[in-house]
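Working notes, beginning with the structure itself.
The model shown is predicted, which means the values in this text are computed figures rather than measured ones. Starting from 1, each residue takes its place in the sequence as its number.
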Amino acid sequence: MKKIYRRKQQMKNKFKLSETAFQLDGRMPLSQAIPLGLQHVLAMFVGNLTPLLIITGACGLVGGEFADLQLSLLQNAMLIAGVVTLIQLFSIGPVGGKVPIIMGTSSGFIGVFNSVAATMGGGVLAYGAIMGASIIGGLFETVLGFFLKPLRRFFPAVVTGTVVLSIGLSLISVGINSFGGGNNAADFGSMENLLLALFVLVVILFFKHWTKGFLSSSSILFGIIAGYIAAIIMGLVLPRTGITADGVEYTKAWVLNWDKVKDASWFAIPQLMPVKPVFDVRAILPVLIMFIVTAVETVGDISGVMEGGLGREATDKELSGGVMCDGLGSSLAAVFGVLPNTSFSQNVGLVAMTKVVNRFALATGAIFLILCGLCPKLAALVSIMPQSVLGGAAVMMFSSIVISGIQLITKEPLSARNLSIVSVALGVGYGMGANPGILANAPQLLQLVFGGSGIVPAAMVAILLNIILPKEK
């Protein structure tokens, strides 16, 4: 009996999550840190590469003579995300907030960059102009982060909470799109995609609430692994192709493309400056404005992750260092031909959900990203993840960001003034960004800045109202 009891205790201790997982500092066992870091990578991997695919497509840098260039840019995107994440986690001098934030290619710039590409006629020149504007914009945000302390009064909990809330609201639609298999999928919303995503969500809920310790905190990772296994089984028993209403054959969105893994090389050296930067005012001006909004978004992300993960507000030093890392990281990314690197809101939701804030655990994920940048085969294995598998995890993570925003907003009494800031920012600001058609007749600059995302106008309205509305005695 004693042996059986001892064996049960050993098994229990094996799956008991280390207490350091819920602390910023402290060395976790590698056997626990690696899976916890890996689930962060899986949660953001597709989102880290998607903006680059969209913008290179808008500039016409796809296929043919540009196929190798696009592959090089995707490789660099993974490498830079890992490097900048390590800087954010551990800091270099004042750069880096030492906060549990994963950095990655920002999707907030897609609207602005699409407009720049259209204005400049696409091609390598337009992409070079985007890189040039990103270098300048990143340096501008770095300076902004350096002077963030005196500007902190413009970002009280009601403002940052509204930004975090709008971030979560904007991401929920992204999660639901993935849940159905991805917007561009010919079988979007099919029962196969929906059931696969639902299966992943159920597995996550099971590990989250019916297990404890390490198993519970790694629920996202187990859900995604279960999704891969389910997709493999589906491929053995179900037809892999379908036919559209026009009679065109297509491959179903949940099918795993193992050829992509097989064809990828084991090792490749990242290329420095694959696209020559071009400095053009038509690109620089709107991108500079967008970097101001990105700084506010990063303040919101850091506030959200500290509130959701540690139950406290972020310090001035953490916010300042985080914003500076955002800026310098974006400039570094542009040197490697990659779009701006900012705090990844998806992972803020993951931290808020699991409460795992240990920087060492997140660093293992950053190292995995760097390895993906050096080993295309490893990257290909993660990149073939079906959108519906990601969507099953995303809807829960993104909703957690909404809850973090609500917690920040309600940290102070919800007075009439604060209620007006939140109501107008979400109603007018987020509503305007979510329905960009309303700006069809507005000046192009306004369309560039406010038409791409509901986060931008909501943040601007919240900041403006916080300045002009009289403070209550």
Would you check, one step at a time, whether the test side-chain contact (heavy atoms from CB on, under 4.5 Å) holds for Phe179 with Val200?
CA-CA 10 Å; Phe179 200 94; Val200 172; over 6 Å; no
Do you know the tightest heavy-atom contact between Val95 and Cys325?
CG1-CA, 3.6 Å
Test item: Ser320 side-chain N/O and Asp316 main-chain N/O as donor-acceptor pair under 3.5 Å:
no
Any donor-acceptor pair under 3.5 Å from Ser330 side chain to Asn341 backbone
yes
Quick check on the 6.0 Å ring-centre criterion: do Phe207 and Phe222 meet it?
yes
Determine whether Leu79 and Leu369 satisfy the following criterion, side-chain contact (heavy atoms from CB on, under 4.5 Å), listing intermediate values before the conclusion.
CA-CA 6 Å; Leu79 177 77; Leu369 277 171; over 6 Å; no
What I want to check is whether the side chains of Thr298 and Asp326 have a donor and an acceptor closer together than 3.5 Å.
yes
Taken in chain and number order and not counting sequence neighbours, the residues that satisfy side chain to side chain donor-acceptor pair (under 3.5 Å) with Ser190 are Asn193
Considering all heavy atoms of both residues, which atom of Ile80 and which atom of Ala333 are nearest to each other, and what is their separation?
CG2-CB, 3.7 Å
Quick check: closest heavy atoms across Ile55 and Phe113, and the distance to 0.1 Å?
CD1-CB, 3.6 Å
Mind running side-chain contact (heavy atoms from CB on, under 4.5 Å) on Leu288 and Ile292 for me, showing each step along the way?
CA-CA 7 Å; Leu288 277 180; Ile292 296 174; over 6 Å; no
Side chain Thr85, main chain Met103, donor-acceptor under 3.5 Å
yes
Check the surroundings of atom CD1 in Ile92: do more than 12 heavy atoms from other residues, nucleotides or ligands lie under 6.0 Å from it?
no
When rounded to the nearest 0.5 Å, the distance separating CG of Leu319 from CE of Met306 is 9.0 Å
Sub-3.5 Å donor-acceptor pair from the side chain of Arg240 to the main-chain atoms of Gly235, do we have one?
yes
Nearest 0.5 Å please: distance from the CD1 atom of Ile409 over to the CG atom of Asn418.
9.0 Å
May I ask you to test the Cys375-Trp266 pair for a side-chain heavy-atom distance under 4.5 Å?
yes
Counting heavy atoms not belonging to Arg312, are there more than 12 under 6.0 Å from its CZ?
yes
A quick test of your reading: do over 12 heavy atoms of other residues, nucleotides or ligands sit less than 6.0 Å from CZ of Phe146?
no
Side chain Thr142, main chain Leu328, donor-acceptor under 3.5 Å:
yes
Reported SG-to-CD1 distance for the pair Cys372 and Ile367, which is rounded to 0.5 angstrom
12.5 Å
Does Ser343 reach the side chain of Ile302, with side-chain heavy atoms less than 4.5 Å apart?
no
Any Pro100 side-chain heavy atom under 4.5 Å of Val356 side chain
no
Check: Tyr228 side chain, Pro386 main-chain N or O, donor-acceptor pair, under 3.5 Å
no
So CG of Leu362 and CD1 of Ile101: to nearest 0.5 Å the spacing works out to 9.0 Å
With no hydrogens and no angle check, is any side-chain donor or acceptor of Glu318 less than 3.5 Å from a backbone partner on Thr315?
yes
May I ask you to test the Leu89-Lys98 pair for a side-chain heavy-atom distance under 4.5 Å?
no
Give me the atom names and distance for the closest heavy-atom approach of Thr105 to Ala77.
OG1-CB, 4.2 Å
Taking the side chain as C-beta and beyond, is there a heavy-atom pair between Ser134 and Pro340 under 4.5 Å?
yes
NZ/Lys208 to CG/Leu201 distance, rounded to the nearest 0.5 angstrom?
13.0 Å
Does any N or O in the side chain of Gln75 come within less than 3.5 Å of the main-chain N or O of Gly373, such that one atom is a donor and the other an acceptor?
yes
Ignoring hydrogens and angles, tell me if any N or O in the side chain of Ser331 forms a donor-acceptor pair with the backbone of Leu139 under 3.5 Å.
yes
Is there a salt bridge (Lys or Arg N to Asp or Glu O under 4.0 Å) between Lys252 and Glu192 once you walk through the steps?
CA-CA 9 Å; Lys252 293 180 179 180; Glu192 292 166 4; 3.1 Å; yes
Would you say that Leu148 contacts Val299 through its side chain, given a criterion of any heavy-atom pair below 4.5 Å between the two side chains?
yes
Start with the C-alpha distance between Leu86 and Ile370, add both sets of side-chain angles, then the distance that settles side-chain contact (heavy atoms from CB on, under 4.5 Å), and finish with yes or no.
CA-CA 10 Å; Leu86 289 177; Ile370 293 171; 3.8 Å; yes
Heavy atoms only: give me the nearest Thr364-Gly37 pair and the separation to one decimal.
OG1-CA, 3.6 Å
Taking every non-hydrogen atom, the tightest pair across Thr56 and Leu73:
CG2-CD1, 3.9 Å
Is it true that, when you exclude Ile269 itself, more than 12 heavy atoms of the residues, nucleotides or ligands shown sit nearer than 6.0 Å to its CD1?
no
Say you draw a straight line from CG of Asn466 to CZ of Phe154; how long is it, rounded to the nearest 0.5 Å?
8.5 Å
Minimum side-chain heavy-atom gap Leu165-Ile406 below 4.5 Å
yes
Side-chain touch Thr342/Phe291, heavy atoms, less than 4.5 angstrom:
no
